[in-house]
2 protein chains.
Amino acid sequence: MQTAATDTEEELATRQVILQAAYEEIHVRGFQAASLSKILANTNVTKGALYHYFPTKLALGYAVVDEILAEQIQQQWVQPLLQTDDPVTGLIQIIKQAGQELTEEDIYCGCPLNNLAQEMAPVDEGFRSRVEFVYEAWRTGTETAFKNGQDKGFVKKEINATSVATMIVASLEGCMGLAKNARSKKMLYQCGESVMDYLQSLRT
Amino acid sequence: MQTAATDTEEELATRQVILQAAYEEIHVRGFQAASLSKILANTNVTKGALYHYFPTKLALGYAVVDEILAEQIQQQWVQPLLQTDDPVTGLIQIIKQAGQELTEEDIYCGCPLNNLAQEMAPVDEGFRSRVEFVYEAWRTGTETAFKNGQDKGFVKKEINATSVATMIVASLEGCMGLAKNARSKKMLYQCGESVMDYLQSLRT
DNA sequence: TGTTATACATACCAATCGGTATGTATGTCA
DNA sequence: TGACATACATACCGATTGGTATGTATAACA
């Protein structure tokens, strides 16, 4: 029933269970207010297992950023955008799809990356730098897509792709943040429309 | 040395000291991680005084939103904008002034309203609704300014002032959030430039 | 001048926190 | 088959948390 000696068998199933439960608890309560006891209570894993895989609570939080959030952003925002030729059309499609896939509960809890950024940036440098690494990938991925779009004649040459990429990430996070506090999918869509209008203004 | 019986003498100086200290601690640590003991340690006020003025920690947090943050947003973003005829020119000026006035430490701690929104919205309805009240005032103030701008011929008639107002608040909060995690005033300015470009695109 | 309410101050408390010490079951390998 | 490392499980610990009970000094008022 148990796996012992030499991990990596079923991709460390127990570790993944802990990581996922931590991700969910942190998503709702934030990192500092997330209780290890409550995380474990949501699984059938004990504290011994937790501290076998993670030396501290902080290390568990870091792993959530490195192994879950980085992947999420990459798969949802960066990779699909880099596969399109016209970044405006591509990003609008990604935004629409994201809007459809988000449940009301997702909206109520907001973007987990932004949550951790706003909570932990002033409190812990390890968190901040790891979150920044993910944001950096998001921004530079977007920047690359828009530079390619400029080269292929889809996007105005006079815009600064770096600034625009930052603005895009900022406005998306801002929209999600406002919709989260308003608890309103309608506001998310309304704000999303304005973001898409902005994107259209970047066309040649 | 002490004021007793019938408050309201020096505008409840002690209460204000507690409130201000709470605001500062919450700004850095967040509400849930803010410790009452540490808040009091930053003043020369005791726990007895705190619980004389505030029945619970939650009530103290609510007072920070109602009495400090609401006023901040109103004074910094709503009132100046409503005094201008051309909202685009007006808002650009407000953004530039805000950017100049912000210290590096302000950037590192981010917008206190956004901080509380992202942290507390899923956790406590009392917080969420109070923060929402402030956001609502910010959004509708901006909306009114842009509707007036449309009437006076400064702003395109075809834009939806409600959506635009939401987008403006979202992108401003998004910019501050990104700059906070990046710990970069340069990024704040860079992102602010793109917001101002967006505002320019709303002109007739 | 005595009474009372206000405005604090001090000491303490149960609950919860992250973390540790110890024990045990199981698979690997010599 | 025995030795050993891995993979947990259980019980416990000091520190910190928000909150309370109690005491006291002062001002207003009758």
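All chains are named by letter (A, B, ...) in the order of the sequence lines, taking the proteins before the strands, and each is independently numbered beginning at 1.
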Report the distance from atom [atom1] of [X] to atom [atom2] of [N], rounded to the nearest whole Å.
X      : N       : atom1 : atom2 : value
Y51(B) : dC13(C) : OH    : P     : 17 Å
R15(B) : dT6(C)  : CZ    : P     : 16 Å
Y53(B) : dG18(D) : OH    : P     : 21 Å
L50(B) : dT10(C) : CG    : P     : 15 Å
L36(B) : dG19(D) : CG    : P     : 7 Å
L40(A) : dA9(D)  : CG    : P     : 10 Å

Report the nucleotide, chosen from [options], that has the shortest atom-to-atom distance to any side-chain atom of [X].
X      : options                  : answer
H52(B) : dG18(C), dC8(C), dG18(D) : dC8(C)
T56(B) : dG19(D), dA7(C), dA9(D)  : dG19(D)
S35(A) : dC17(C), dA9(D), dA7(D)  : dC17(C)

(request) Could you tell me whether the side chain of K47(A) has a donor or acceptor atom within less than 3.5 Å of a complementary atom in the base of dG19(C)? (result)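 By the distance-only test, yes, there is a pair.
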(request) Test E193(A) against Y189(A) for side chain to side chain donor-acceptor pair (under 3.5 Å), laying out the working first. (result) CA-CA 6 Å; E193(A) 288 292 335; Y189(A) 283 163; over 6 Å; no
(request) Ignoring backbone atoms, test whether T14(A) places a side-chain nitrogen or oxygen under 4.0 Å from the OP1 or OP2 oxygen of dC8(D). (result)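 Yes.
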(request) Kindly confirm or rule out a cation-pi arrangement of K57(A) over F31(A), judged by NZ or CZ under 6.0 Å from the six-membered ring centre and within 45° of its axis? (result)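 Yes, a cation-pi geometry.
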Would you classify [X] as touching base, sugar-phosphate or nothing, given that sugar-phosphate means primed atoms plus P, OP1 and OP2, and contacts are heavy atoms under 4.0 Å?
X      : value
A59(A) : nothing
A33(A) : nothing
T46(B) : base

(request) Go through the side-chain N and O atoms of K180(B) and N115(B) and say whether any donor and acceptor fall under 3.5 Å apart. (result)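 Yes, because at least one side-chain N or O of K180(B) sits under 3.5 Å from a partner of the opposite role on N115(B).
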